[in-house]
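Since the structure comes first, as structure tokens, the remarks are kept for the end.
None of the values given here were measured: they were computed from a predicted structure.
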Amino acid sequence: MTVCATVRPTVSSRLLSASLGVCPLVAALDVLLGARPQIIALLVIAPLLACTRLGVRPTVLVACCAVAFGCAAGLLDGTALTSAFLVRWSGLLLGCALTVRVAARRVALEAALSSLARCEEAARHAGRPPADDLAPAPTAADREAAEAQVKDVAALAEQCPQAVIAKTLDGRITYWNAAAQSLYGYLPKEAIGAHVSMLAPPERRGEIDDLLTRLGRGERIDHFATRRSTSTGRAIDVDLTLWPLRAGDGHPVGACVMVRRSPAVTERDLAAVPASVAEGRAFVGEFLAERDRTAVVDGARLLASEVLTNAVQHGEGPVRLRLSLTEDELTVEVTDRGPGMPRRRHAGKADESGRGLELVDSLATAWGTRPAADGKTVWFTLPAPP
């Protein structure tokens, strides 16, 4: 499948003519006004104009024309083969080459987006799914049809920044782009042909069969939040969008999955009693240990304990503890119904309290307070690399 920039033929021919016409015009200015670098540099405008809407071949044609007219201008004004001309001409050649590269990247990106959009549109508007509760077992012809569709868009999907995986309806991976390798850690030769269940932690493997069954019935599944495993066994939180690939007669023969990283978010309501501090501290430790962020456990539990103690002693219940973990940062929020905002203060040597926010300020990457709908929230962040 070849996808080109969508330009009407009349507009395309006019733009190509205008781009080619710029070349002799600028070269003539260079001859008439003298060998000026800024004038010869204007020749880059011709291929730049072409690459904004035309394909790669017309841009290459215009770039070659610009370089040729630049050389002709040097011959006509007598500056050819001088060091100044060689510098100017080399700069023009480099500028035209970069412009052709920009055109190639733009066309490839447009093709990738267009192809993915067509796949999703076809999945959304295709015929009715089978009435059977279970999807029919895929045949060899089905697998070949699915692989043919995957190969059709494989080169284009490499431009997609999200992980894109294609599979047959029995779960065998048939396509694995560069973003999938970066996310999961498996090389294409390790992933292609393997069963997709290798990406799920043991407690989530049951949902793989359910998803394959739904895809076999022709369903599209948007924003399916779940957890997956990398090649090192580390669990990651992801958001999946899945849609079926269909044969010419409309029945599903495979599926595509787009995978996005999503932050892990959880919260717990605690009573405003001293025992809740220990409960919240344990909750933070379990949350981080499940996600293999053990390096930050001690610091996070310490600061969470200080903020929870303030909420229990000076606020009103219930106290809400909310944790959010991205790829490299942990955010802890403690919300209570107390009316006053906590303020950092300097505790004296004889004071037995008042050092909580001093400690938070010293150890946290950032921290702050804000009003909440039912009181106030104190938050802090810590680096939490994998």
Side-chain angles (χ1 to χ4, degrees), residues 162-163 182-185 200-201 203-204 223 225-240 259-272 274-315 317-336 338 341-344 355-386:
Q162 279 84 34
S182 176
L183 178 62
Y184 289 107
E203 69 275 9
R204 299 274 184 167
H223 300 299
T226 186
R227 305 193 74 199
R228 290 293 180 257
S229 294
T230 66
S231 60
T232 61
R234 182 169 60 91
I236 55 175
D237 294 275
V238 296
D239 178 270
L240 308 180
V259 188
R260 301 175 179 87
R261 285 295 300 269
S262 60
V265 179
T266 187
E267 60 182 42
R268 177 172 293 185
D269 287 336
L270 306 169
S276 294
V277 176
E279 182 183 350
R281 188 166 56 241
F283 179 60
V284 171
E286 293 168 1
F287 175 79
L288 292 171
E290 287 176 359
R291 290 156 179 81
D292 297 327
R293 308 298 176 92
T294 53
V296 75
V297 167
D298 291 340
R301 288 195 300 193
L302 174 62
L303 298 190
S305 179
E306 294 295 335
V307 177
L308 283 169
T309 299
N310 280 345
V312 167
Q313 290 183 348
H314 306 294
V319 176
R320 184 180 306 112
L321 174 60
R322 186 177 189 272
L323 310 176
S324 175
L325 181 65
T326 64
E327 192 168 354
D328 55 7
E329 186 177 71
L330 170 70
T331 301
V332 178
E333 301 178 1
V334 176
T335 303
D336 67 78
M341 288 288 185
R343 291 184 297 175
R344 176 185 167 198
R355 296 181 176 84
L357 292 183
E358 283 279 347
L359 190 62
V360 172
D361 185 69
S362 298
L363 300 180
T365 307
W367 74 279
T369 62
R370 65 173 183 267
D374 51 356
K376 64 180 182 295
T377 296
V378 181
W379 60 270
F380 65 85
T381 61
L382 286 171

Side chain proximity check, E329 to L382, heavy atoms < 4.5 angstrom: no
Heavy-atom check, side chain of I236 versus side chain of R261, under 4.5 Å: yes
Results of salt bridge (Lys or Arg N to Asp or Glu O under 4.0 Å) for R281 - residues two or more places apart only: none
Side chain to side chain, R268 and E279, heavy atoms closer than 4.5 Å: yes
Beyond-backbone contact of V307 with V332, side-chain heavy atoms, under 4.5 angstrom: no
Atom of A300, atom of L288 and distance for their closest heavy-atom approach: CB-CD1, 3.7 Å
R260 vs S262, side-chain contact (heavy atoms from CB on, under 4.5 Å): CA-CA, chis, key distance, verdict: CA-CA 6 Å; R260 301 175 179 87; S262 60; over 6 Å; no
Note, L321 side chain near F283 side chain (heavy atom, < 4.5 Å): yes
Lys/Arg-Asp/Glu bridge criterion (N-O < 4.0 Å) met for R291, D237: yes
Closest non-hydrogen atom pair between W379 and T369, with its separation: NE1-N, 3.8 Å
Ring pair (Phe, Tyr, Trp, His ring centres under 6.0 Å) partners for F380, two or more places apart: none
Non-hydrogen side-chain atoms of L302 and L359 separated by less than 4.5 Å: yes
Partners passing side-chain hydrogen bond (donor to acceptor under 3.5 Å, both in side chains) against T232 (at least two apart in sequence or in another chain): T230
Any residue meeting side-chain hydrogen bond (donor to acceptor under 3.5 Å, both in side chains) with S231, in chain and number order, not counting sequence neighbours: none
Audit row: T335, T377, side chain to side chain donor-acceptor pair (under 3.5 Å) steps and yes/no: CA-CA 4 Å; T335 303; T377 296; 2.7 Å; yes
Heavy-atom pair of closest approach, residues L183 and A163: CD2-CB, 4.1 Å
Short side-chain to backbone donor-acceptor contact, R293 and A384, under 3.5 Å: yes
Set of salt bridge (Lys or Arg N to Asp or Glu O under 4.0 Å) partners for D269, sequence neighbours left out: R320
Side chain proximity check, L357 to N310, heavy atoms < 4.5 angstrom: yes
Nearest heavy-atom neighbours spanning V297 and G285: CG1-CA, 4.1 Å
Heavy-atom side-chain proximity of L325 to L323 below 4.5 angstrom: no
Closest non-hydrogen atom pair, P201 against R228: CD-CA, 3.7 Å
Under 3.5 Å donor-acceptor, S305 side chain and R301 backbone: no
Test item: S276 side-chain N/O and A272 main-chain N/O as donor-acceptor pair under 3.5 Å: no
L308 to L270 - nearest heavy-atom pair and separation: CD2-CD1, 4.0 Å
Partner residues of R234 under the salt bridge (Lys or Arg N to Asp or Glu O under 4.0 Å) criterion, sequence neighbours left out: none
Stepwise side-chain contact (heavy atoms from CB on, under 4.5 Å) test for V334 and V319: CA-CA 7 Å; V334 176; V319 176; 3.6 Å; yes
